[in-house]
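What follows is one structure encoded as structure tokens, with my remarks underneath.
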Protein chains: 2
Amino acid sequence: MRILVADDDAQLLRALRITLAARGYEVLTASDGAEAIDLVANGHPDLVLLDLGMPRIDGLDVIRAVRAWSGVPILVLSGRTDSAEKVEALDAGADDYVTKPFAMDELLARIRARARQSATGDEPAATTRIGDLVVDLAAKTVRRDGETRGGASVRLTPTEWRLLELFLRNPGRLLTREMLLADVWGPYHRNDAGYLRLYVSQLRRKLEPVPAEPRHFLNEPGLGYRFEP
Amino acid sequence: MRILVADDDAQLLRALRITLAARGYEVLTASDGAEAIDLVANGHPDLVLLDLGMPRIDGLDVIRAVRAWSGVPILVLSGRTDSAEKVEALDAGADDYVTKPFAMDELLARIRARARQSATGDEPAATTRIGDLVVDLAAKTVRRDGETRGGASVRLTPTEWRLLELFLRNPGRLLTREMLLADVWGPYHRNDAGYLRLYVSQLRRKLEPVPAEPRHFLNEPGLGYRFEP
DNA sequence: AGCGGGCGTTAGGGATCCGTGAGGACCGGC
DNA sequence: GCCGGTCCTCACGGATCCCTAACGCCCGCT
């Protein structure tokens, strides 16, 4: 999550950088409008914190310039409290408006709200490659590499998806029999190792280039299984 | 654009209804939390204005209940100005927070901002081709390819439109039974899989070239349905 | 060599899920 | 009151999936 902070107040800029970095955000900074526009274009931020009172280019023009080509969420910071200015900024394309001085925890909460919005909106498709197959867990699709359309090349059953999901979420890690059985079939089937043998076999048949010589779904005798990307 | 206004203050409710209606919005109203949840489920609003201080069900619980199954934008109105309450509401899933008393033009601007957010999403897919049919979600029409004039070749019922809309907005992705049921019939019908079977069947009969061999509305047994363009 | 445990695979049977038709309940318009 | 449209309930044949049982195979142990 990368945030661009644009403000001409160096002290506030520094405070925001520190606070945001401490929350795990990646921070870009700009101190005037031109720099802000440039960094939106070339820095690819996921969210913009924009002060309206910056030199060289008016904040409203920054919003309009950005909105001409980008849909990145814009959260406006401003000292002005009159509603006319808020209306102008929001109608120019801003997504939220906070007046200074502001409570930091409120600002952070509003940032989280905007981050949610972009998280659900655009999905770079959390996708994993297995040989020449591409697995998309969210869309529940497995397509042959290169084929972006046309029905899914491979169909998996619900149980197969649950098992595959566990493997893909823990790449390279050893997953014990009990862990896998408890997560897929529930805690009362920790001893039914036969289920695992059967479904791992089916996953290999559908996903391994050479099912007889597994290279991604590996067995560790006596322990469990491991997924190697 | 349909807006649900939930507030226990009858006078404010009436003022908002009149103001919003004058701006061309369709307005639904609720005066307590339970009614609000019910209307989100069955009224299919595009935006929710929610007062936090309502009887019967706490406002925060309303947010959580709605967020459990719907992504509709929620704009909170509240008399409380302390930032802790704002943070709670925003983190529960609200998209914006306005404190009473508020300036009406600011509220309207924030409503427009939220409306943009949901509107920009569907523009690129305003029209979709299914076989030799062309579906226009905005105009709610289905015409045979080539015929630009004349009445719609195919008529769909309101429920069929809601279902079709979900499919067209998520092309290629698997939509689970629960997701579809919750979005079309509300969260209290997550188990009525029979509804889905029936209406998918009707969509296929009206939209598939060969209803008996569906190529666009596909079923994944045990999981849900998938729309393939 | 003989044996036993863990592993991979195959082949059904029973349960669940799906597609579709018919018909009743409800509503607004004429 | 009548009627067309929409939504929902119910029922049943067929498709799909999950689980059980059984059979080789490999490897380490006796």
Closest nucleotide among D:dC7, C:dG8, D:dC19 to the B:T157 side chain
D:dC7
Quick one: sort the B:F167 and B:F227 rings into parallel, tilted or perpendicular, breaks at 30° and 60°.
tilted
From the options C:dC18, D:dC8, C:dG6, select the nucleotide whose nearest atom is closest to the side chain of B:N219.
C:dC18
From the candidates D:dC18, D:dT20, D:dT9, the one with an atom nearest any side-chain atom of A:Y195 is D:dT20
Taking the side chain of A:P158 as heavy atoms from C-beta outward, which of D:dC18, C:dG19, C:dG21 is closest to it?
D:dC18
Check the phosphate of D:dT16 against A:R155, side-chain N and O only, distance under 4.0 Å to OP1 or OP2. Yes or no?
no
Nucleotide of D:dT20, C:dG21, D:dC8 approaching B:R205 most closely (side-chain heavy atoms):
C:dG21
Compare side-chain N and O positions of A:W185 against OP1 and OP2 of D:dC19 and report whether any pair is under 4.0 Å apart.
yes
Considering just the side-chain nitrogens and oxygens of B:T159, establish if one lies under 4.0 Å of OP1 or OP2 belonging to D:dC7.
yes
Between P of D:dC17 and CH2 of A:W161, the distance in whole Å
13 Å
Options C:dG19, C:dC7, D:dC7, nucleotide nearest the side-chain atoms of B:R197:
C:dG19
With a non-hydrogen cut-off below 4.0 angstrom, is A:G194 in contact with a base, only sugar-phosphate, or nothing?
nothing
So, A:H44 and A:R2: side-chain donor and acceptor under 3.5 Å apart, yes or no?
no
According to a strict under-4.0 Å criterion, is B:R177 in side-chain N/O contact with OP1 or OP2 of C:dC18?
yes
Run the salt-bridge test on B:E220 and A:K140 with the 4.0 Å N-O cut-off and return the result as yes or no.
no
Rounded to the Å, how far apart are B:Q202 CD and C:dG21 P?
11 Å
Let's see if you can work this out: which of C:dT10, D:dT16, C:dC18 has an atom nearest to the side-chain heavy atoms of B:Y225?
C:dC18
Testing D:dT9, D:dG5, C:dG8 for proximity to the side chain of A:R204, the answer is C:dG8
Side-chain donor-acceptor contact under 3.5 Å, A:S83 with B:D105
yes
Given that A:E160 and B:D192 both sit by DNA chain D, which one's nearest nucleotide is further toward the 5' end?
B:D192
Whole-Å distance between D:dC17 C1' and A:L203 CG?
15 Å
So what does B:L198 hit on the nucleic acid, given a heavy-atom distance under 4.0 Å: a base, only sugar-phosphate, or nothing?
base
Relative to the 5' end of DNA chain C, which residue comes earlier, B:F217 or A:A193, by the nucleotide with the nearest heavy atom?
A:A193
Between C1' on C:dC7 and CZ on A:R226, what's the gap in Å once rounded to a whole number?
17 Å
Regarding A:Q117 and A:R114, do their side chains bring together a donor and an acceptor under 3.5 Å, going by distance alone?
yes
Just the rounded figure in Å: distance from C1' of C:dG8 to CD of A:E213.
14 Å
